**Q** 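Okay, here's the structure, questions in a sec.
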Amino acid sequence: MTEPNRWETVRVELDAGIAWVELNRPAKRNAMNPTLNREMAEVLLELDADDACGVLVLTGAGDSFSAGMDLKEYFREVDDAPAHVQRRVRRDSNYWQWRLLRNYAKPTIAMVNGWCFGGAFTPLTACDLAVAADEATFGLSEINWGIPPGSLVSRGLGETIGPRAALLYVMTGRTFDGKKAAELGLVNWSTPRERLRGEVEALARELLEKNPVVLRAAKVGFKHAREMSWDAAEDYLYAKLDQSRFLDAEHGREEGLAQFLDEKRIKPGLQTYERGEGAE
């Protein structure tokens, strides 16, 4: 089992299947520095291997999700560093924020509790789902201090909300709140801050009820198929279907069909099948 709270910049709370992963630099509005990026990779890898974790929620300590990259530690202090140091710093950042998180085996939810700026848009858009506080503030302020958005921020934002809307915020640096983020499709919905954790927990518990093997195949299949041709996507998604049946120890497909067609005791459009022996 993952040992919580042994990291300097990340706090982990594992409770009844939900891993609450908190970026923990509140004095810096949870700005991401090299230490945090390195520790987040460790956290994600350990939780991936921990059977006690079924759903991962990513959030920030205090009143911020994350203010983006730490300007002092991530930029100024490495500007004159050797090229291999700069490559390592960027590699560590992208490794957890995109390569690990975007294709994470377990369901991920971004819980945006406050400020979300700049580089924080990368892990936000990499998560499967996202819920924000109405009062949260979002923005790409890079244009205001003389640089374009770095890393995969522009790609993730454009893919999530579309090019026109993304360019407006990339080019102007305007800010917007959680309600606007929901309207844009950047988050699934927004809610008053005092209700945020409760609603995210309810969503996480809903996901925990699903067959984890099938849920993994469904979400990974969806993400990869979007980047393929129609013919390749058709073949790939059928392959994911076959793969999930092979790996599924609880035989969800057979159980679901039996409970619906033979026993007439579930309605798949309204409820999940009743998971019995073999369920994780």
Side-chain angles (χ1 to χ4, degrees), residues 16-21 44-45 47-58 96-112 122-132 152 155-156 159-162 182 185-189 199-261 265-280:
I18 305 173
W20 301 88
V21 177
L44 291 176
L45 290 171
L47 288 172
D48 180 53
D50 192 340
D51 290 338
C53 170
V55 176
L56 185 147
V57 177
L58 179 66
W96 83 265
Q97 292 178 29
W98 195 254
R99 293 186 182 278
L100 283 179
L101 195 57
R102 183 172 185 268
N103 297 306
Y104 206 58
K106 299 175 181 183
T108 56
I109 306 170
M111 185 172 79
V112 186
T122 303
L124 167 62
T125 58
C127 284
D128 302 324
L129 304 171
V131 184
L152 291 163
R155 172 65 188 269
E159 185 177 277
T160 306
I161 69 173
L186 182 60
V187 301
N188 294 95
W189 73 85
E199 292 190 18
V200 169
E201 181 172 355
L203 175 60
R205 302 243 170 261
E206 183 178 356
L207 295 173
L208 284 172
E209 294 177 358
K210 310 302 180 185
N211 181 309
V213 173
V214 178
L215 190 59
R216 187 178 310 130
K219 75 160 197 159
V220 172
F222 171 84
K223 291 184 178 183
H224 288 320
R226 294 186 69 218
E227 301 170 355
M228 300 176 181
S229 69
W230 283 86
D231 289 337
E234 179 187 28
D235 185 66
Y236 175 74
L237 291 172
Y238 271 120
K240 295 302 288 184
L241 175 64
D242 293 338
Q243 179 192 52
S244 69
R245 292 186 65 190
F246 178 76
L247 295 174
D248 183 13
E250 63 183 76
H251 306 292
R253 184 177 187 272
E254 291 78 7
E255 281 294 321
L257 289 175
Q259 291 175 26
F260 173 56
L261 296 175
R265 59 191 176 95
I266 67 162
K267 297 178 180 179
L270 302 175
Q271 64 190 113
T272 189
Y273 73 92
E274 297 176 14
R275 300 171 62 202
E277 290 187 19
E280 293 184 12

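Keep in mind that this is a model prediction, so the values were computed, not measured.
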**Q** So if I apply the side chain to side chain contact (heavy atoms under 4.5 Å, CB included) rule between L58 and each of L101, V112, I109, which one comes out positive?
**A** L101
**Q** Between L208 and G54, which heavy-atom pair has the shortest distance, and what is it?
**A** CD2-CA, 3.7 Å
**Q** Which heavy-atom pair separates L186 from T160 by the least distance, and what is that distance?
**A** CA-CG2, 4.0 Å
**Q** Indicate yes or no: at least one non-hydrogen side-chain atom of L56 is less than 4.5 angstrom from one of K106.
**A** no
**Q** State, yes or no, whether a side-chain contact exists between D128 and K223 at a heavy-atom distance under 4.5 Å.
**A** yes
**Q** Between E209 and R205, is there a salt bridge with N-O shorter than 4.0 Å?
**A** no
**Q** Do you know which two heavy atoms are closest between V213 and S244, and how far apart they sit?
**A** CG1-O, 3.7 Å
**Q** Which value, rounded to the nearest 0.5 Å, describes the distance between E199 atom CD and M111 atom CE?
**A** 11.5 Å
**Q** Taking side chain as C-beta onward, heavy atoms only, is N188 less than 4.5 Å from L203?
**A** no
**Q** Using every non-hydrogen atom in the two residues, find where V214 and N211 come nearest and quote the distance to one decimal.
**A** N-OD1, 3.1 Å
**Q** Less than 4.5 Å apart, any side-chain heavy atom of K240 and any of H224?
**A** no
**Q** Tell me, do P107 and E206 make a side-chain contact under 4.5 Å, heavy atoms counted?
**A** no
**Q** Under the salt bridge (Lys or Arg N to Asp or Glu O under 4.0 Å) rule, collect the residues that match up with R99, sequence neighbours excluded.
**A** none
**Q** Taking only residues at least two apart or on different chains, which pairs with a member in residues 227-236 satisfy side-chain hydrogen bond (donor to acceptor under 3.5 Å, both in side chains)?
**A** R102-E227
**Q** Could you tell me which non-hydrogen atom of I18 sits nearest to which non-hydrogen atom of A204, and how far apart they are?
**A** CD1-CB, 3.6 Å
**Q** Just wondering, do V187 and V131 contact through their side chains at under 4.5 Å, heavy atoms?
**A** no
**Q** Measure from the side-chain N and O atoms of Y104 to the backbone N and O of A126, and report whether any donor-acceptor pair falls under 3.5 Å.
**A** no
**Q** How far apart are the closest heavy atoms of C127 and T108, and which atoms are they?
**A** CA-OG1, 3.4 Å
